[in-house]
Structures are given as structure tokens and as C-alpha cells.
Amino acid sequence: MIVSKQKPFSEILASLENISRVFLIGCAKCATVCKSGGEEQVWRMQEDLIAAGKEVTGSMVIDEACHMLRVQRDLRAKGEMVTAAEALIVLSCGAGVQSVSAGSDRATIAALDTLFLGNIRRFGQFEQRCSLCGECRLNETAGICPVTACPKGILNGPCGGMSEGKCEVSPDAECAWYQIFVRLRDRDGRPLSPETTPPKDFSKLVKPGSLTLER
Amino acid sequence: MTSPLHELLAADRFAVTAEISPPKGSDCGEFLEKARALRGTVDAINVTDNQGANMRISPLAPAALLVREGIEPILQLTCRDRNRLALQSELLAAAAFGVTNVLALTGDYITFGDHAAAKPVFDLDAVQLLQAITTLNAGRDLAGTALHGVPRFYPGAAAAPEAEPFELTLAKLRKKAAAGARFFQTQALFSPEKLIRFGEAVRPLGVKVIAGVILIKSAGMARYMNARIPGLTVPQELVAELDDAPRPLETGTAIARRLVATLRPHCDGIHIMAMGKEELIPEILADLHRGD
């Protein structure tokens, strides 16, 4: 899922300087799970905005804010509530914000910062395991991603900062290559491959990415 | 032979290197004075590259100035601040200036330094950078295109002989050697045991070992390094010795001098990190009988 967190309220207010009427949009998927843009957060945002002297014309939590057609349809369904607003405040990831900004002629204000593609460790605890790098090497690294788990994302073993299996950047964290080394040894009974992994091919990642499935 | 350092090590003669940080600013006067003072004392001078992720002048400029002075530089090059285009073009520029020794490094992480908000690059890692150097030496760039003017680099790499687990460290060192590293300059060492284990492991790879000795200027510095510098542990008895010392810098110098003598039989060279006190290097090396 996409992990996001709310911007400081003061920052949101600052982007509403000349705006008094707003409509609020949350997302029922990722932003709900990480408690940044679900029903509860939309409701709290509404309370805070009213307390700050803003008029809230209405709100909705879209099933998937990244779904562009659905967002357009849902905005139309809210009709006057949306048109009465000067700005739409979106509590979803950056993808959702842009579904809204593309699907409406109203000013769009992002209320969240989008952080990473996260695994859920337990309720309310998220960890980045995948960097969406476009060239998956997990089959060679015992299912642990060094592109993500290593702050430097290096592909050929630990850097000189590894000490007692710990990472130089976060000494409480295990070095990604130590994790890989241990798992290969204990699970597969083999050492790190002596083969040098070549540099990554960033041409596979030219932005903006797009994918169209063949029918 | 690609460089006098290469020649020295290839002839199994003992090499002495030392590192000097380039200035934060464009005035290399003090840097050059320190380097000139070491002429005849050390064989080559490492020019550090934005050491500790702190922004300084590119090491290429001071390295080129050293060449002009007839002093041999070892250009340190990290993957932290440059992508593969910048690394290769920096290397070609170094070659044009007559710089031949290159120490290929991954680089300390960017948040340790004075530009913590900057984008870390790490397009290549140290192994891939060594491969790039080997490729340039063979007359091609990483895209396979022929070079007009082929460099002749003598590539080296860093090693942390005390880092555990050693088997994991060694796996990386083997890749560095396979990628073209011809010498290792090690992290600071404080006892010969780990150096002996390290030497036995890497010698079959055909790589020369230059053992690192750091000048510990005070007990405070020792404690700081133990807490903050990965892969480096100052033994408690040395910390205590510095704690009890009326003049810690003198004691630190004596410790470094002792370490040089202790490590000497187990390596092909010594690398002194004097941490700004380069004027003490001749004293640190006073007992070094180089047998040539």
C-alpha cells in the first residue's frame, strides 16, 4: 500500500489563504489504512477547518482516489457541494490528488505527504520493503531487497560502514547485506554469489511510467 | 607500470601513504604546504573526496596540483555524489592531469555531512566503479564506446579488516579484487591480529595491503570514533592510556608510532591518517625501517 501522512495543519491552512469554502475528499484504500485520509481524518479535518473559520461545503471518501474515472464520476455525483467550493482538499496519496486535480476545474489542495510503498508490520506500523525500481532482483538476494533495505541501495555486498552486521546509517538496523548473507546461509545453505551485479538500468524507469495491458 | 606507487608495490617494496583533506574553499595553499612537507617521507598522498559527506573542493584539483609539484596523489573517488557519467568524466579529467592512482569508494552516507538534505546518488557502488576504471583502462567507456586517449589507472579500494562478520566483508573484497582493485587501503587498525587474518584472506587475490594507522589526538576523539565511526574500534586500554596522558597528542603520536611498528611485518605498506596534524607524520614513521 501507499503510505502517507498528513501535512501540518498550519501548512494546509496557509495554502487556503484566500479561500473560504472547501470540499473535502478522502480515500477508502491506502489513506484509510494508514489513518491519513479515511472517514475519521476527513471528519477531523472538517472540524479543524470550521474552527479555523472555513466553510466546508461537503465531503466524501472515494473508494480509490487513484481511479481517475471513478473520481470524476464521484465528483459529478456530489454536484453543488463541489461547485460551491472554491477548493477541493484531498486527503489521499499524490496519485489521488492528481485524479482530483485532473477531474475538476476547482483548485486542488494536497493535505498529505506521500511517503513510500509500505508493508504493514502491524496495525499502524509501516515499513518500506520495495522501491518500485523496475528491475526486481529478489530472486538473487534471498527475497530481501538491497535497493530498499540499504540506504545506499548498493548491489554487491555491504559497504565499509557495516559493523557487527549493523548499518552505518541507522545503527539499530541490520545491514541489508548482512540480512541477505544470513538468510542465504541459513535458508539456502549457500554463500553470497561471487558474481558482480552490474549497475542498474535506469532507462527502465524513465518518468512518468505508464503501462497499457494488451486486451 | 602505471605509477611510481604501482612500481614500488609491484617490486615488493614497502609503501607509505598519508591522507590530507582538501580545503573547504578554493585556496589549496595550506594543502600544498602540508603535502610538500611530506615529500621524501611518504610515497603518495590520498586526496579525500568530500570526506564524511562534507562539501569541499573536488579532490581532482588538489590532486592535479600535486602532480604539478611532482608529488604523487591517490585520488579518492566516491559514488555518493556522481552518477556513472560524472564518475567516468572525472576519471578522464584525472588522467588528463596525470593522476593515475585512484581509490574507488562507495562513500559515507550523505546525512552524516553538512549537506544532509542533498540527493544521494549511488548510481554505481565501489565494485561497479572499479569495473568502470578497468573498462576505461581497456579503452572503452561503460557504454562500450572507444576512448580517444586511454587512461592507465592504478585502482585501489578500501577495506575494513575489523568489520564482522569477516566472511561477509570478504565476499565484497573478493568482488573488488575481481573488478580490478590492485591495492587495499584499510580502515584504521589497532592490533595486528585482524590484519594478519585479512592479509591471509586477500593476498591470494593478488592485492597489496596498505594498513591504516590513525592518529588519535585525545581520549575524547577515541570515544567519539568508537561511538560514531563504523568499522573502527579503539581498544579500551588505548582510551585509558590517552585518558591518563598529561599531553594526549604526544601520547596519541606515540601510540600511532607503536602501531606502525606492530603492523609493519604484516602488510605491504602503511597509510597514515593524521587528522589535520600532518606535521606529526615524520615522528609517527620514525621507527619505520623500510629496508630499501
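Proteins come first, then strands; the chains are lettered A, B, ... in the order of their sequence lines, and each starts at number 1.
- Listed for the A:Lys152 side chain is a donor-acceptor partner under 3.5 Å among the backbone atoms of B:Gly107.
- To the nearest 0.5 Å, the span separating CG on A:Asn156 from CG on B:Leu130 amounts to 10.5 Å.
- Judged by distance alone, the side chain of B:Glu164 and the main-chain N or O of A:Ser163 form no donor-acceptor pair under 3.5 Å.
- Contacts with chain A were tallied for B:Thr169, B:Ile110, B:Asp108; B:Asp108 has the most, counting heavy-atom pairs under 4.5 Å.
- Here A:Pro158 is the residue among A:Cys159, A:Gly157, A:Pro158 with the most heavy-atom pairs under 4.5 Å with chain B.
- Here the side chain of B:Asp125 pairs a donor or acceptor atom with the backbone of A:Leu155 at under 3.5 angstrom.
- Heavy atoms of other residues, nucleotides or ligands lying less than 6.0 angstrom from CD of A:Glu127 number more than 12.
- B:Glu162 CD to A:Glu164 CD: the interatomic distance, rounded to the nearest 0.5 Å, is 10.5 Å.
- Counting only heavy atoms from C-beta outward, the side chains of B:Pro165 and A:Met162 approach each other to under 4.5 Å.
- Heavy atoms closer than 4.5 Å to chain A are found nowhere in B:Pro120, neither backbone nor side chain.
- For residues 192-208 of chain A, heavy-atom neighbours of chain B at less than 4.5 Å comprise A:Leu192, A:Ser193, A:Pro194, A:Glu195, A:Thr196, A:Thr197, A:Pro198, A:Pro199, A:Lys200, A:Phe202, sorted by residue number.
- For the pair B:Glu167/A:Phe181, a side-chain contact is recorded, criterion being any heavy-atom separation below 4.5 Å from C-beta on.
- With a threshold of 4.5 angstrom between heavy atoms, B:Ala171 approaches chain A through side-chain atoms but not through N, CA, C or O.
- Annotation: A:Arg183, atom CZ; neighbour count of heavy atoms from other residues, nucleotides and ligands within 6.0 Å is above 12.
- When the shell of 6.0 Å around CZ of B:Arg228 is examined, it contains 12 or fewer heavy atoms from other residues, nucleotides or ligands.
- Of all the listed residues (B:Thr111, B:Val121, B:Leu168), the one sharing the greatest number of non-hydrogen pairs under 4.5 Å with chain A is B:Leu168.
- Neither the backbone nor the side chain of B:Arg80 comes within contact range of chain A; no heavy atom of the residue lies under 4.5 Å from a heavy atom of that chain.
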